[in-house]
Amino acid sequence: EDFVLFHESSGPSSESALMTDAERRFVVDTLLGMIVMMLSQRSDTKDLYPLLTFITYNLDIEWEEATVSSGKHGSSFNDIKNNNNGNGGLSANRRSTTTTGTRERGSNRYHTTVKAVSILFFLLQKSNVPGLIGSLADIFENGNCAASWMLCCLVNSYDDVIRGLGIKCLA
């Protein structure tokens, strides 16, 4: 079962829900705000690593959901090879998941993942975050591995918003 912050209510006034969607989003926003305040002052490896792990975990879930729902376990090369239909080789099903993402845009997990990626983008754009580049180098062993992670996790996302933030992070 998902963590309580990502548990979707079964109805508009579900009595079994521990928190309403508004309360969950408030808690998530508050926690992410604390993370931004902490990381924008000083970005140690031990503090940055959980944010990157959180992003990776959620995008991995997105990838798994997309491959299971399409019935193809990571075979995008086969989509291009077998379905060369004048649309860049992507089938209509693959194009639709690429454009809209595979998760509901209203889900708590989706919003939290976008906010976490936005935090990373904010930190990278802020030029005077002490220790950020060194922490990224420690976590990924060097700058090239950090760029590879951004390509594999962020730019390779099925969701256009996350993909756009990933491209901005690389720039």
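Side-chain atoms of Asn58 and Phe54, non-hydrogen and from C-beta on, do get closer than 4.5 Å to each other. Two residues are said to be in side-chain contact when any heavy atoms from C-beta on lie closer than 4.5 Å; Ile61 and Arg109 meet this criterion. No side-chain heavy atom of Met150 sits under 4.5 Å from any side-chain heavy atom of Val155. You'll find the side chain of Leu165 reaches within 4.5 Å of the side chain of Ser118, heavy atoms only. The shortest distance between side-chain heavy atoms of Leu39 and Val129 does not fall below 4.5 Å. For the pair Val28/Glu23, no side-chain contact is recorded, criterion being any heavy-atom separation below 4.5 Å from C-beta on.
Side-chain N/O atoms of Tyr49 and Asp138 include no donor and acceptor closer than 3.5 Å. In this structure, a donor-acceptor pair under 3.5 Å is present between the side chains of Trp149 and Thr56.
Tested against Leu154 for a side-chain contact (heavy atoms from CB on, under 4.5 Å), the candidates Ile167, Leu170, Asp159, Leu59 yield a single pass: Leu59.
Panel note: side chain Arg25, backbone Asn108; no donor-acceptor pair is recorded below 3.5 Å. The closest donor-acceptor contact from the side chain of Ser157 to the backbone of Arg163 lies at 3.5 Å or more, if one exists at all.
Arg42 contributes atom CZ, which lies 6.5 Å from atom CG of Asp47 (distance to the nearest 0.5 angstrom). In this structure, CE in Met34 is found 11.5 Å from CG in Asp29, a value given to the nearest 0.5 Å. Between Leu120 atom CG and Gln125 atom CD the span is 10.0 Å, to the nearest 0.5 Å. The distance from the OG1 atom of Thr53 to the CG atom of Leu48 is 9.0 Å, given to the nearest 0.5 Å. The distance from atom CD of Glu141 to atom OG of Ser148, rounded to the nearest 0.5 Å, is 11.5 Å. Rounded to the nearest 0.5 angstrom, Thr112 OG1 and Tyr110 OH are separated by 11.5 Å.
In terms of hydrophobic clustering, with Ile, Leu, Val, Met, Phe, Trp and Tyr side chains grouped at heavy-atom distances under 4.5 Å, Leu136 and Met38 are assigned to different clusters. Under a hydrophobic-cluster definition in which Ile, Leu, Val, Met, Phe, Trp and Tyr are linked whenever side-chain heavy atoms come within less than 4.5 Å, directly or via other members, Ile139 and Leu151 are assigned to the same cluster.
The stretch residues 148-158 participates, sequence neighbours left out, in no salt bridge (Lys or Arg N to Asp or Glu O under 4.0 Å) pair at all.
Here the closest non-hydrogen pair linking Phe140 and Cys145 is O-CB, 2.7 Å. Here the closest heavy-atom approach between residue Ala116 and residue Leu51 is recorded as CB-CD1, 4.0 Å. Taking every heavy atom of both residues into account, Pro130 and Ser40 meet most closely at CD-O, 4.2 Å.
Open room surrounds NZ on Lys168; 12 or fewer heavy atoms of other groups in view lie less than 6.0 Å from it.
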